[in-house]
Protein chains: 2
Amino acid sequence: MDLVIGTDLGPGDPLPAEPELMRALGVSRNSVREALKGLQALGIVDIRHGYGTYVGTAALRSMAPGLLFHSRLAVRRSNPQALRDIVEMRALMESGLIRRAAVELGPEDIARLHTELDALEADGDSGRAGHDRRFHELLYEPLGNALALQLIALFWDVYRTTEADMAKPRTDHAQVVRQHRQVLAALESHDPDAAAARIAEHFADVTARIDLWAGRSGTGQG
Amino acid sequence: MDLVIGTDLGPGDPLPAEPELMRALGVSRNSVREALKGLQALGIVDIRHGYGTYVGTAALRSMAPGLLFHSRLAVRRSNPQALRDIVEMRALMESGLIRRAAVELGPEDIARLHTELDALEADGDSGRAGHDRRFHELLYEPLGNALALQLIALFWDVYRTTEADMAKPRTDHAQVVRQHRQVLAALESHDPDAAAARIAEHFADVTARIDLWAGRSGTGQG
DNA sequence: CGCGGTAGGACGTCCTACGTCCTGTGTCCT
DNA sequence: AGGACACAGGACGTAGGACGTCCTACCGCG
């Protein structure tokens, strides 16, 4: 890490090859590779077979496996708290950001959201995940906070994957579409409070679904 | 990861030794070690020299290096946006959580916060970081959201370390103490709105300090 | 001019050997 | 008998070499 920062390399730039790192750092190739493997896991470098090693660009996608692992472990032990925590963080972040979105989003942003929402409604339950995720992305993309985008995407992925591990009550597709439309309506009227309230409702439903699962499958406390 | 989840291991439990993993997975020790090194970076396993390998407990501390790396890289290139993003996320999370804290914290929690704040004031600028961090931890520890605690601690660490990289305007110690006391007062009167407002003020100051740095040292946009 | 084969670089995997750290056991000294 | 030290064993850490796979670039051939 210090080497990259010290040599003025930027995201996407190629790192020295393994043999050169061996000489530069005075260690064997095994150690170099293990270090790179660790950095790769953290998203600091991007290793491409037969091509080279490059400075990474996305910091947070890399922690999805770690978070996912612990969540799955918790769910596997019938402890719903990890899922509740994730949903609470999503609710906190989105409730705050949606206020900015209500103020800052322009007509073309709104139009894109309408398009995505129509696609979500049309696709039915099959292709649902993709459009739902994309909708939440489009909500906050114009705000210019790359970290927020990555965090929300991260938690979305972790939640969705973990959810798949548990035999959960089916989601009401029509209800999801309706809630999203209400959020969009609040955005169009540039009403931060209403938008935040709608988002809060959405997440309250999600939490309720987790409680339902916890009640019939787990201990309720782990 | 699948092996751990599949064999009903929990956090803290020991993993099979490297030779056994070689046999179980049918790969060489190098590959086993590189895989473990990646999992270690993600906080999924905890490797202890001469002792053994264990299932990890803290999921998020592991992504500090990655986030830290990208933030330092951004600051080094005079791009303050990464820092602004981090502070905005802290503000979003803490503003939301502080409302729950205002309602749920008991007298003994408040007492602990007073103690920590006194220590912060007494220590002056030298030991400041530790007490400031601990204060924010104590605020949200009773809420039972382990993920939130880890995220806040993570962002706190990343922000503090990155801040150290830039020649920044000094923080007004007395002002920090005063702001924290105001937050605590709002908590004692169980007033969520006031607490959230005080926290928002605190973070507004932090953001202002970043803008000051950006204005005199960077491009303002990278 | 276009296509396919070939050479080189870079990462992926494997094997072997030795070093370091920790623990448990056994012996020796007190 | 009790405690300190030495030793052996297990587990992770590091090193060096060899070969395989993937990708790119170059060159000859049609």
Side-chain angles (χ1 to χ4, degrees), chain A residues 1-66 68-70 73, chain B residues 1-66 68-70 73:
Chain A
M1 286 176 57
D2 290 341
L3 188 144
V4 172
I5 292 183
T7 50
D8 204 16
L9 281 140
D13 291 345
L15 259 72
E18 290 174 1
E20 198 163 344
L21 288 175
M22 290 170 56
R23 283 188 293 275
L25 302 175
V27 295
S28 74
R29 190 174 166 219
N30 264 341
S31 300
V32 168
R33 283 187 55 74
E34 287 185 7
L36 287 176
K37 211 75 178 178
L39 294 177
Q40 180 189 36
L42 295 173
I44 290 178
V45 304
D46 183 16
I47 306 177
R48 274 175 268 178
H49 188 177
Y51 200 79
T53 306
Y54 298 80
V55 179
T57 51
L60 293 182
R61 197 198 320 285
S62 59
M63 70 187 185
L68 199 52
F69 173 80
H70 282 87
L73 209 53
Chain B
M1 286 175 56
D2 290 341
L3 188 144
V4 172
I5 294 183
T7 49
D8 204 16
L9 283 159
D13 291 345
L15 260 70
E18 291 174 0
E20 198 163 345
L21 288 176
M22 289 171 56
R23 284 188 292 275
L25 302 175
V27 295
S28 75
R29 190 173 165 218
N30 259 340
S31 299
V32 168
R33 283 187 54 76
E34 287 186 8
L36 287 176
K37 211 75 179 179
L39 293 177
Q40 180 190 36
L42 294 173
I44 291 179
V45 304
D46 184 16
I47 305 178
R48 272 175 270 179
H49 188 177
Y51 200 80
T53 306
Y54 298 80
V55 178
T57 51
L60 292 183
R61 196 195 321 285
S62 59
M63 70 188 183
L68 199 52
F69 172 82
H70 283 87
L73 210 53

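All values below were derived from every heavy atom in this structure, side-chain atoms included, with hydrogens, water molecules and symmetry-related copies excluded. Order of the sequence lines sets the chain letters (A, B, ...), proteins ahead of strands, with each chain counted from 1.
- Per the geometry, CD belonging to B:Glu34 stands 16 Å off P belonging to D:dC12, to the nearest Å.
- Nearest-nucleotide mapping onto DNA chain D: of B:Gly52 and A:Tyr51, the residue sitting toward the 5' end is B:Gly52.
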Assess the residue pair A:Leu15 and A:Leu36 against the criterion (side-chain contact (heavy atoms from CB on, under 4.5 Å)); give the C-alpha distance rounded to whole Å, side-chain angles, the decisive distance to 0.1 Å, and a yes or no. CA-CA 10 Å; A:Leu15 259 72; A:Leu36 287 176; 4.3 Å; yes
Passes side-chain contact (heavy atoms from CB on, under 4.5 Å), A:Leu73 versus B:Val55? Steps please. CA-CA 11 Å; A:Leu73 209 53; B:Val55 178; 4.3 Å; yes
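- Atom CD in A:Glu18 sits about 11 Å away from atom P in C:dT13, given to the nearest Å.
- Nucleotide D:dG16 holds its P atom 15 Å from the CZ atom of B:Arg33, rounded to whole Å.
- Distances shorter than 4.0 Å separate some side-chain N or O of A:Thr53 from OP1 or OP2 on C:dC11.
- A:Pro11 and A:Thr57 get closest at one heavy-atom pair: CB-CG2, 3.8 Å.
- When the C1' atom of D:dG16 is taken as reference, atom CE of A:Met22 falls 8 Å away, rounded to whole Å.
- Atom CG of B:Asn30 is separated from atom P of C:dC14 by 9 Å (rounded to the nearest Å).
- A straight line from OH of A:Tyr54 to C1' of D:dT24 spans 10 Å, rounded to a whole angstrom.
- Counting only heavy atoms from C-beta on, A:Ala17 has its side chain closest to C:dC11 among C:dC11, D:dA11, C:dC14.
- OP1 or OP2 of D:dA15 sits under 4.0 Å from a side-chain N or O of A:Ser31.
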Please step through side-chain contact (heavy atoms from CB on, under 4.5 Å) for the pair A:Leu21 and A:Thr53, ending with a clear verdict. CA-CA 11 Å; A:Leu21 288 175; A:Thr53 306; over 6 Å; no
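- For the pair B:Lys37 NZ and D:dA11 C1', the computed distance is 14 Å after rounding to whole Å.
- In this structure, the NE2 atom of B:His49 is 14 Å from the C1' atom of D:dG9, given to the nearest Å.
- Judged by distance alone, with hydrogens and angles left aside, B:Arg29 brings a side-chain donor or acceptor within reach of the base of D:dG13, the pair sitting under 3.5 Å.
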